[in-house]
Amino acid sequence: MAVLQIPGLSIILQPIMRSNIPAYLRHTFVVAVICCFSCPPTHAQEKGTAAHAQEKDFTPAAENTNLLTSLLDQYQQRYKDHLTQLPSTNRKDYEQIYNERWADIKQKFDKKEIYTAADAQEYLDKLVSIIVKANPEIQHYPFQCYFSRSYIPNAAYIGEGIILFDMGLFYRLTDESQAVFVICHEISHYFLHHQENAIEKYVKTINSPEVQAQLRKIKGAEYHQREQLQNLVKGLAFDSRRHSRDHESQADSMAVELMRHTAFALTGATSTLAMLDTVDKDDFDVEGYLQRAFNSSDYPFRKKWLAREEGLLGGHAHLRRDNQDGLADSLKTHPDCLIRIKLITPMVGGGAGRAFVVDSVKFRQLQERCRYEVIEYAYVADGYTQSFWLALELMKERPADAYAVTQAGRVLNGLYKAQKGHTLGKVVELPSPDYPENYNSMLQFVADLHLEDIASISYYFLKAHIPEFSQYELFRKVFEESAKNKMEQD
């Protein structure tokens, strides 16, 4: 009787027990299903379980909401103090930009993007402490580095002394020397006031006599006012999230000098940039993987789920590549990396120093955790297609990973609920020229699915993994939900 209490099992059995199938066949089916849930794992399954015990046991770190609130209050006061120091000339323009910057900062706290796990923060603080103690010139500058739960392979100084180190970058690194270069690079942006200087340059430019004359000329034009204004704004647009290429090179150089006074290997600088140069490479054959992962004898994969309809609202958005080496590089998360490597290579020299100084074991543990936290956060932040992509990548790399498999089914269940509730547009992205081709293929797959398709794909996909993961609580919960969804469509 205990077996029948497993979530999802009764949902599968009820339709069978109520059917007109002969009693002896119903009995045979019930025994088979119970065995799927309750029989001991095979030797191969035990081996897979041991190899991925950490993944099966993965639980997202609890959010310390009190800490987030306290930090937000602290930074809000710093922001208000900053506003009082803005120049009086063109003050409204300055205030508008600083208000927008603060809104972006506040959103990261409100959406709980800041990672509050105490052990992770303690480790990050140790890395920062080594840098600061070795460099007296930055010791009196009030900045703090936090992990961000973003899957994007990036780090950024976002204002008010806050540096964010995206987990999507951290888990891709090789060693601590690379992590330290990333931190030193962002400290350099902060120390050199790159963002604030860019704001000042922008405000002075848009208020310059030359630009104001152009605006008056456009206003007086009889035709094409909007087009002329758009062209002017395009050349002047300010984005606080991006630094100029000169700023990036300056930050690289200062980062190497900050590292030079520590025991970390300076080669962490060039190896990090080399990795970032290829981090956007799109080599995941997602169409082939989707066809393999979501094909079952009970519900075979259908090629129409990958169909690309032409027209205004259908088909993939392609980025033309014919002349576009320069354009492709500019669309990278981190452009100009090869040029930047060439500029700092003489400073790096032969590469003395150590790859690890703080704790190599903790580094690896945090990398592993980050790999899962970014998948989870994308999902809870309503980025279902992002979470789905990350789960598929992990599942391809680790087919026996309980969390990856479960999360793929969990996202499908979420897509079912959203489509049923007419809120799908809030949790999925549409194909775009700004996305890699394979990611667009996955987005097309999601867009082509009908409600009954989502329910059946999720159910049969998860059902195939019952023998492996029936003891995993989250898997049982997600499978139960998929079974309910399928029953609604039958």
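Hydrogens, waters and symmetry mates are skipped; everything else that's a heavy atom, side chains included, is used.
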> Output yes when E95 and R101 qualify as a salt bridge under the 4.0 Å nitrogen-oxygen rule, no when they do not.
no
> Using the ring of each side chain (for Trp, its six-membered ring), is H82 parallel, tilted or perpendicular to Y98, with breaks at 30° and 60°?
tilted
> Under the salt bridge (charged side-chain N to carboxylate O under 4.0 Å, His left out) test, which residues partner E393, sequence neighbours left out?
none
> Indicate the ring-plane relationship of F479 and F475, choosing parallel, tilted or perpendicular according to the 30° and 60° boundaries.
parallel
> First locate atom CG of L449, then atom CG of L306, and finally report the distance between them rounded to the nearest 0.5 Å.
9.0 Å
> Could you grab the distance from atom CZ of F264 to atom SG of C184, nearest 0.5 Å is fine?
8.5 Å
> Test of understanding: with salt bridge (charged side-chain N to carboxylate O under 4.0 Å, His left out), list the residues that count as partners of E100, not counting sequence neighbours.
none
> Any idea how F301 and F445 line up, ring-wise: parallel (<30°), tilted (30 to 60°), or perpendicular (>60°)?
parallel
> State the CD1-NE2 distance between I199 and H193, to the nearest 0.5 angstrom.
12.5 Å
> May I ask you to say whether R364 pairs ionically with E368, meaning some side-chain N is under 4.0 Å from a carboxylate O?
no
> Taking atom types as modelled and ignoring hydrogens, do the side chains of H185 and E248 form a donor-acceptor contact shorter than 3.5 angstrom?
yes
> May I ask you to decide whether K126 forms a salt bridge with E176, counting only side-chain N to carboxylate O separations under 4.0 Å?
no
> Apply salt bridge (Lys or Arg N to Asp or Glu O under 4.0 Å) to R410 and E481, showing your working.
CA-CA 9 Å; R410 187 182 176 200; E481 183 178 356; over 6 Å; no
> Less than 4.0 angstrom from a charged side-chain N to a carboxylate O is my criterion; do D110 and K106 meet it?
yes
> Is the Y403 to Y372 ring centre distance short of 6.0 Å?
yes
> Is the distance between the ring centroids of F294 and F461 under 6.0 Å?
yes
> Please name all residues satisfying side chain to side chain donor-acceptor pair (under 3.5 Å) with Y79, sequence neighbours left out, ordered by chain then number.
N99
> Report the distance from atom CG of L474 to atom CZ of F58, rounding to the nearest 0.5 Å.
10.0 Å
> For residues 163-172, please give each side-chain donor-acceptor pair under 3.5 Å, one per line with the distance, not counting sequence neighbours.
| from | atom 1 | to | atom 2 | distance (Å) |
| --- | --- | --- | --- | --- |
| D166 | OD1 | S148 | OG | 3.2 |
| R172 | NH1 | G168 | O | 2.3 |

> To the closest 0.5 Å, what do you measure between OG (S360) and CZ (R354)?
10.5 Å
> Quick one: side chains of residues 379-386, donor-acceptor pairs under 3.5 Å with protein atoms, not counting sequence neighbours, listed by atom name and distance.
| from | atom 1 | to | atom 2 | distance (Å) |
| --- | --- | --- | --- | --- |
| T385 | OG1 | E429 | N | 3.2 |
| Q386 | NE2 | E429 | OE2 | 3.1 |

> Would you please name every residue forming a salt bridge (charged side-chain N to carboxylate O under 4.0 Å, His left out) with K342, sequence neighbours left out?
none
> If you count every heavy atom of other residues, nucleotides or ligands that lies below 6.0 Å from E473 atom CD, does the total exceed 12?
no
> For E397, is there an ion pair with R371 - N to carboxylate O distance below 4.0 angstrom?
yes
> Do Q178 and S271 have side-chain atoms, one donor and one acceptor, less than 3.5 Å apart?
yes
> For residues M395 and Y289, determine if any side-chain heavy atom of one lies less than 4.5 Å from a side-chain heavy atom of the other.
yes
> Quick one: pull up CD in Q407 and CG in L392 and give me the separation to the nearest 0.5 Å.
10.5 Å
> Counting only heavy atoms not in K396, do more than 12 sit closer than 6.0 Å to its NZ atom?
no
